[in-house]
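Here the structure comes first, spelled out in structure tokens, and everything after it is commentary.
Numbered from 1 within each chain, the chains take letters A, B, ... in sequence-line order. Because the structure is a prediction, the values reported are computed rather than measured.
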There are 2 protein chains.
Amino acid sequence: MVTLSEVAKRAHVTAATVSNVLRNREKVRPETAERVLKAIADLGYRPNLNARALAEGRSSTLALMLSNISNPFYPEFVLAAERAARKAGYFLMVCNTDDDAEIGRAYLNQIAGTLADGVLVMNTDIAINDLCASATHSAPILLAMWEHPETPPELPCIAVDFARAGELAAQHLLELGHREVGLLIGDGCGGLQDARSNGFRATMRAAGVEADTAAVLQIRDSIDAGYAACMQLMAVRPFVTAIFATNDLLAIGAAQALITLGRAVPDDVSVIGITDIQLAHQVHPALTTVAIQTAEIAELSIESLIRLIQAPERQPSMVIGPPPQLVVRASTGPCRRR
Amino acid sequence: MVTLSEVAKRAHVTAATVSNVLRNREKVRPETAERVLKAIADLGYRPNLNARALAEGRSSTLALMLSNISNPFYPEFVLAAERAARKAGYFLMVCNTDDDAEIGRAYLNQIAGTLADGVLVMNTDIAINDLCASATHSAPILLAMWEHPETPPELPCIAVDFARAGELAAQHLLELGHREVGLLIGDGCGGLQDARSNGFRATMRAAGVEADTAAVLQIRDSIDAGYAACMQLMAVRPFVTAIFATNDLLAIGAAQALITLGRAVPDDVSVIGITDIQLAHQVHPALTTVAIQTAEIAELSIESLIRLIQAPERQPSMVIGPPPQLVVRASTGPCRRR
DNA sequence: GTGAAAGCGCTAACAC
DNA sequence: GTGTTAGCGCTTTCAC
């Protein structure tokens with residue numbers, strides 16, 4: 001490995017000068033700089049980022065902790081987060097906790113403050129308390145996609161108004177004339193998706209439609225689970241004219257179940273989800289959903305985290321993310337019943 | 001930040017002893033060790049991994065470079081790779097090159113040999129030559145999923161017999177009696193999927209079925225593209241009884257297109273893909289495909305890379321991955337024509 | 001067993 | 001402008 005001092009030697013200067021060339025070139029006389037740059041090129045010098053991190057006291061790396069990257073929502077978030085981080089001069093380290101709080105805690109302890117200058121946490125496999133404890137004696141931790149704007153957590157967060165997303169979904173179904181609706185509620189780690197279903201139900205109730213408890217299923221987040229749950233739902237409540245799922249995976253699974261059952265979507269039954277993952281528009285019929293603007297949230301999260309690193313004090317403890325937006329596609333239509 | 005020497009001071013020993021305790025050298029007297037451990041706990045000490053990396057000359061981090069994590073294949077690979085890395089005591093840094101060779105090269109230059117002890121490259125946005133150049137003066141680089149076992153690259157690689165995967169797909173369709181088949185060939189970065197289609201065509205040809213060139217479409221890797229291409233294909237060659245796609249995304253898109261066109265899958269047209277991504281079994285009808293054993297390949301890649309780091313010499317330059325396997329599901333059936 | 005000391009490659013005062 | 005110097009936090013000989 002070629003080091004700074006080897007470059008220095010070859011350019012007949014000292015390490016300090018080489019370092020100066022590498023960062024603030026103003027201090028260095030052009031001809032010296034040129035000699036140094038030539039030495040760098042000749043030797044194929046590449047700075048050792050660990051040494052730099054140690055000396056600077058910062059690693060220029062951000063960590064993103066998420067439970068399981070195989071949920072298609074995460075890759076989309078990761079992609080946007082990585083771009084934002086790169087643009088700001090940071091690396092992004094993706095830490096999969098594999099749905100295991102123990103692994104999450106281990107990662108946090110090892111990484112925060114050493115390998116990473118700040119940590120973005122996507123969900124709470126890890127108890128908030130643990131996160132707080134870690135945050136106090138190491139690097140800033142930011143919760144991305146906090147679901148409850150009305151009750152800020154102990155940690156700084158990006159809040160997303162998921163209740164509003166539920167409302168929008170409900171309004172859309174109500175406008176289409178649906179009154180008998182099935183609900184598929186994803187678990188998303190510790191009842192995370194309550195806000196969505198509560199927002200939905202509150203809006204329905206305001207319109208005089210009470211949720212039929214037998215038509216409310218609480219399930220794991222996946223297409224499979226959505227499919228199975230929808231099958232079960234249609235067996236018990238064959239007369240629902242619409243299905244609301246708290247996320248797109250469930251909704252996609254549900255739509256497929258309906259088609260398998262010979263129920264046309266949306267002619268017989270409408271389906272609506274929340275999130276607007278890529279799959280939502282690639283599936284047929286394309287899914288109507290409430291977009292939460294994943295990429296924007298990812299960027300906002302990264303930017304907020306960086307601000308938090310640079311000026312830990314005087315940062316808002318909660319940043320409100322972009323408002324959810326209804327995206328009407330082909331899976332919802334007017335209620336044909338009666 | 002609590003440092004080693006603070007711990008040492010509190011335990012009335014020196015940094016060397018604390019370090020010995022941390023790496024359970026047997027040198028330390030139990031009572032001393034206990035005192036040290038107590039000090040560590042009291043102070044909440046956590047080692048600075050950058051300092052350790054600098055001192056040890058290794059970072060215990062592996063990098064995984066891929067073009068775009070939003071292709072659902074990658075998250076599955078990442079998940080398995082991350083598990084394998086963690087099990088071996090390494091962190092995994094996921095580097096999204098965003099389909100941009102420039103970004104890829106920049107990552108490689110910055111990371112290889114400093115932040116990462118070794119690099120796994122998933123595709124060749126970056127020219128093999130660049131990779132070789134980088135490999136020689138920094139950390140080992142391993143190509144995961146090399147598609148051409150018959151022509152080993154300059155770099156160590158995990159080879160996957162994709163031609164065989166194509167063969168298996170062809171055999172399956174032939175056995176079902178299909179003779180008029182459409183081909184959807186994904187681009188996967190620089191004609192990466194040629195081996196698959198060549199294997200497929202060779203097998204078909206051996207059975208006396210020549211590819212109808214109008215029924216061969218070369219397209220981008222995505223559900224959307226598969227959908228569009230299939231639409232186009234069916235317009236030109238409405239009589240095909242089966243469609244082979246070089247990857248599952250295309251196949252899934254194709255199946256949806258067929259359903260949209262009112263062609264039953266598999267009763268009117270069979271569809272088969274390659275890879276066996278998770279989506280393949282979650283979609284309805286579930287996709288028949290040739291599994292390449294993504295998780296196994298990921299593990300193998302990580303293990304090989306680690307071996308390469310530990311003993312750069314005398315490692316096989318090409319490791320053959322697990323053989324592809326046909327997975328029959330619901331999207332293929334006997335040819336009904338005539 | 002434990003400590004002293006050197007050094008990993010870099011940055012950042014501060015002299016000159 | 002450039003060099004000198006002193007670390008960053010840790011590991012690792014090598015004395016004792």
statement: Those residues at least two apart in sequence (or on a different chain) that pass side-chain contact (heavy atoms from CB on, under 4.5 Å) with B/Thr32 are B/Val13, B/Thr17, B/Val28, B/Arg29, B/Arg35
Salt bridge (Lys or Arg N to Asp or Glu O under 4.0 Å) contacts touching residues 294-311 of chain A (sequence neighbours left out): none
task: Could you tell me from which nucleotide to which nucleotide of DNA chain C, 5' to 3', there is an atom under 4.0 Å from chain A heavy atoms?
output: C/dG9 to C/dA12
query: If only atom types and distance count, is the side chain of A/Asp98 paired as donor or acceptor with the main-chain N or O of A/Asp100 below 3.5 Å?
result: no
Main-chain N/O of B/Ala15 paired with B/Ser19 side-chain donor or acceptor, under 3.5 Å: no
message: I need a per-nucleotide contact map over nucleotides 4-16 of chain D, read 5' to 3'. Cutoff is protein heavy atoms under 4.0 Å; write B for the base, S for backbone only, - otherwise.
response: B--BBBBBB----
Residues that A/Asp117 engages under side chain to side chain donor-acceptor pair (under 3.5 Å), provided they are two or more places apart: A/Ser59
Minimum side-chain heavy-atom gap A/Ser60-A/Arg58 below 4.5 Å: yes
query: A/Leu143 pairs by side-chain contact (heavy atoms from CB on, under 4.5 Å) with which of A/Pro156, A/Ser301, A/Pro153?
result: A/Pro153
query: Less than 4.0 Å between a side-chain N and a carboxylate O, is that true for B/Arg86 and B/Glu82?
result: yes
message: Report for the helix from C/dG1-D/dC16 to C/dC16-D/dG1: angle between first-end and last-end helix axes, five pairs each, rounded to 10 degrees.
response: 40°
- request: Determine, for B/Glu102 against B/Arg105, whether the closest basic-nitrogen to carboxylate-oxygen distance falls under 4.0 angstrom.
  value: yes
message: Taking side-chain contact (heavy atoms from CB on, under 4.5 Å) as the criterion, tell me which of A/Leu142, A/Val119, A/Ile309 meets it with A/Leu62.
response: A/Ile309
